[in-house]
Amino acid sequence: MGPVKFADVAKFMLINPFARELLGTADEVLGRDLFAALRDSTSDYAEAAQVAFLVNSLALARWAEDRFGFEPSFCAGASFGGKAAAVHSGALSAEEGIWLTAELVRVETEYFAEQHGDVVTLSFARTPRAELDLVLTELDDWHEISCYVDEDFYMVSLKRDRLAWFQQRLKSAGGLPLYEMDPPMHVSAFAGLRDRVERELFPRLSFRDPATPVVADQDGSVRTTADGVRATLLDGVVRPVRWPEVVRSLRIEGVTTLCVAGQDSLFGRVACTTNNFKVIAANPRLAMQPHKRPALRRAA
């Protein structure tokens with residue numbers, strides 16, 4: 001999940017039948033108009049933005065299956081996409097996924113108002129691991145790698161007062177700082193948040209064994225049980241995303257086609273993805289256009 005302009009998804013949400021159905025479900029779960037809330041939202045990671053991301057990702061996954069005529073062999077969802085993978089796999093209902101997404105925003109907001117409010121997560125590209133290690137050594141302050149996207153693409157969590165220095169140092173090394181993730185996630189120091197989520201929110205959820213196996217974004221392991229998917233969502237709070245491990249696991253399983261459902265400017269576009277799969281970008285723009293159905297075999 002990243003910043004998305006309302007205009008880029010508004011027409012899709014109102015016209016696409018899968019999106020309309022899920023939008024109605026979201027309105028019932030939230031008790032308010034999600035479309036209006038998204039239109040009026042001023043934050044890229046507000047409740048409306050996060051629930052809309054979930055709704056649109058699920059709608060596009062359903063649309064892609066209908067349009068292209070395939071059933072996924074596996075589901076994978078990196079970072080914020082983990083909740084969409086849990087729902088689309090059948091481990092959670094859409095209602096539960098929407099409720100969980102909204103409640104997580106509330107709990108995270110309260111948590112970071114009291115603890116770790118000085119932590120920020122920055123994504124950046126064009127920085128090979130060896131160069132990144134040098135920069136992190138010079139940082140000489142607390143930090144963690146929160147996401148391994150590709151061989152030269154990472155997300156690092158660090159103290160906010162060191163962010164400007166870190167961005168400038170990356171640029172001097174040829175790197176390309178991109179955007180800040182708020183709230184910060186995938187940090188071992190957030191064990192208190194993980195415990196609170198497990199204690200306050202997860203008892204309200206009824207996890208089921210997924211109909212489609214889920215590939216955990218922390219290590220690429222294939223989860224086929226309710227407990228496995230549950231652990232994947234909880235561990236996402238405190239463990240880094242390792243997308244190359246997901247790619248490796250899917251390749252071992254024989255997957256050759258990857259359908260990326262939702263707004264995506266990251267995981268479906270990096271080299272470790274495009275070099276290993278035929279990628280179908282199931283985004284709102286494509287869903288609004290006529291498209292010839294290709295012959296597909298194994299997809300994730």
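This one's a predicted model, so the numbers in the text were calculated from it and none came from an experiment.
- Counting heavy atoms from C-beta outward, Val247 and Phe277 have side chains that approach closer than 4.5 Å.
- Remark: the backbone N or O of Val105 is paired with a side-chain donor or acceptor of Thr109 at under 3.5 angstrom.
- With contacts defined as side-chain heavy-atom distances shorter than 4.5 Å, the pair Leu104/Leu100 qualifies.
- Side-chain contact between Val119 and Phe190 is present, with heavy atoms from C-beta onward closer than 4.5 Å.
- Following chains of ILVMFWY side-chain contacts shorter than 4.5 Å, one can reach Phe12 starting from Val51, so the two form part of one hydrophobic cluster.
- Contact check on Glu96 versus Arg208 returns a salt bridge, with a Lys/Arg side-chain nitrogen under 4.0 Å from an Asp/Glu carboxylate oxygen.
- The distance between the ring centers of Trp63 and Phe18 does not fall below 6.0 angstrom.
- No continuous path of ILVMFWY side-chain contacts below 4.5 Å connects Val241 to Leu158, so the two sit in separate hydrophobic clusters.
- Residues Arg129 and Glu151 are not paired through a salt bridge, judged by the lack of any N-O separation under 4.0 Å between the basic side chain and the carboxylate.
- The OG1 atom of Thr121 sits 9.0 Å away from the CE atom of Met185 when rounded to the nearest 0.5 Å.
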For a side chain to side chain contact (heavy atoms under 4.5 Å, CB included) check, start with the C-alpha distance between Phe70 and Cys259, then their side-chain angles and the critical distance, and finish with the verdict. CA-CA 10 Å; Phe70 64 76; Cys259 178; 3.8 Å; yes
Evaluate the criterion side chain to side chain contact (heavy atoms under 4.5 Å, CB included) for residue pair Phe267 and Val246; output intermediate values, then yes/no. CA-CA 11 Å; Phe267 294 100; Val246 175; over 6 Å; no
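- Here the side chains of Asp8 and Lys5 are in contact, with some heavy-atom distance below 4.5 Å.
- Residues Arg242 and Asp217 form no side-chain contact, since every pair of their non-hydrogen atoms from C-beta on lies 4.5 Å or further apart.
- One hydrophobic cluster holds both Leu178 and Met155 under the rule that ILVMFWY side chains link at heavy-atom gaps under 4.5 Å.
- Minimum interatomic distance between Met288 and Ile15 (heavy atoms only, all atoms of both residues): CE-CD1, 3.8 Å.
- Here Glu103 pairs with Arg106 in a salt bridge; the nearest charged N to carboxylate O distance falls below 4.0 Å.
- Contact between Leu38 and Ala49 at its shortest, heavy atoms only, is CD1-CA, 3.8 Å.
- Of the possible polar contacts, one joining the Asp27 side chain to the Leu34 backbone as a donor-acceptor pair under 3.5 Å is found.
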Glu65 and Arg62: salt bridge (Lys or Arg N to Asp or Glu O under 4.0 Å), yes or no, with the steps? CA-CA 5 Å; Glu65 290 180 359; Arg62 295 176 183 181; over 6 Å; no
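- Of all heavy-atom pairs between Asp150 and Cys272, the closest is OD2-N, 3.0 Å.
- The only member of Thr101, Leu92, Leu22 that meets side chain to side chain contact (heavy atoms under 4.5 Å, CB included) when paired with Val87 is Leu92.
- Using a 4.0 Å cut-off between a side-chain N of Lys or Arg and a carboxylate O of Asp or Glu, Asp219 and Arg239 qualify as a salt bridge.
- Cluster membership check: Val238 shares its hydrophobic cluster with Tyr111, using side-chain heavy-atom separations under 4.5 Å among Ile, Leu, Val, Met, Phe, Trp and Tyr.
- Aromatic pair Phe80/Tyr45: ring centres closer than 6.0 Å.
- Side-chain atoms of His88 do not come within 3.5 Å of backbone N or O of Ala86 as any donor-acceptor pair.
- Under the salt bridge (charged side-chain N to carboxylate O under 4.0 Å, His left out) criterion, Glu198 pairs with Arg194, Arg230, sequence neighbours left out.
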Could you walk me through whether Leu122 and Gln167 pass the side chain to side chain contact (heavy atoms under 4.5 Å, CB included) test, one step at a time? CA-CA 9 Å; Leu122 178 72; Gln167 291 172 315; 3.7 Å; yes
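- The local environment of CG in Asp140 is sparse, with at most 12 non-hydrogen atoms from other residues, nucleotides or ligands closer than 6.0 Å.
- The CZ atom of Arg223 sits 3.5 Å away from the OG1 atom of Thr232 when rounded to the nearest 0.5 Å.
- With 3.5 Å as the limit, one finds no donor-acceptor pair spanning the side chains of Trp142 and Ser157.
- The CG atom of Leu193 sits 9.0 Å away from the NE2 atom of His116 when rounded to the nearest 0.5 Å.
- Legend: residues meeting salt bridge (charged side-chain N to carboxylate O under 4.0 Å, His left out) with Lys171, ordered by chain and number and at least two apart, are absent.
- Counting only distance, with no hydrogens or angles, the side chain of Thr273 and the backbone of Arg269 share no donor-acceptor pair below 3.5 Å.
- Atom CZ of Arg126 is surrounded by 12 or fewer heavy atoms from other residues, nucleotides or ligands within 6.0 Å.
- Within the 4.5 Å cutoff, the side chain of Trp99 has heavy atoms near those of the Leu201 side chain.
- In this structure, Phe207 and Phe202 have tilted ring planes: the angle between them lies in the 30° to 60° band.
- Leu30 and Ala102 get closest at one heavy-atom pair: CD2-CB, 3.7 Å.
- Note that CZ of Phe74 is 7.0 Å distant from OG of Ser249, once rounded to the nearest 0.5 Å.
- Ion pairing of Glu108 with Arg196 is absent here, as no side-chain N (NZ or NE/NH1/NH2) approaches a carboxylate O to less than 4.0 Å.
- Formation of a donor-acceptor pair under 3.5 Å by the Asp209 side chain with backbone atoms of Ala226 is found in this model.
- By the 30° and 60° cut-offs, the orientation of the rings of Phe124 relative to Phe166 is perpendicular.
- Side-chain contact between Met181 and His186 is present, with heavy atoms from C-beta onward closer than 4.5 Å.
- When Thr224, Thr225, Val229 are each tested for a side chain to side chain contact (heavy atoms under 4.5 Å, CB included) with Pro213, only one passes: Thr224.
- If you chain together hydrophobic residues whose side chains sit under 4.5 Å apart, Val120 and Val149 never meet in one group.
- Using a 4.5 Å cut-off on side-chain heavy atoms (C-beta onward), Leu234 and Val197 make contact.
- With values rounded to the nearest 0.5 angstrom, Leu139 atom CG is found 5.0 Å from Trp165 atom CH2.
- Taking CZ from Phe153 and CG from Leu132, the interatomic distance works out to 12.5 Å, rounded to the nearest 0.5 Å.
- No side-chain donor from either of Thr25 and Glu95 sits under 3.5 Å from a side-chain acceptor of the other.
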Take Ile280 and Val260, measure what side chain to side chain contact (heavy atoms under 4.5 Å, CB included) needs, and give me the verdict at the end. CA-CA 6 Å; Ile280 298 175; Val260 182; over 6 Å; no
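- Minimum interatomic distance between Ser57 and Ala84 (heavy atoms only, all atoms of both residues): CB-CB, 4.1 Å.
- The two residues Gln50 and Pro183 make their nearest non-hydrogen contact at NE2-CD, 4.2 Å.
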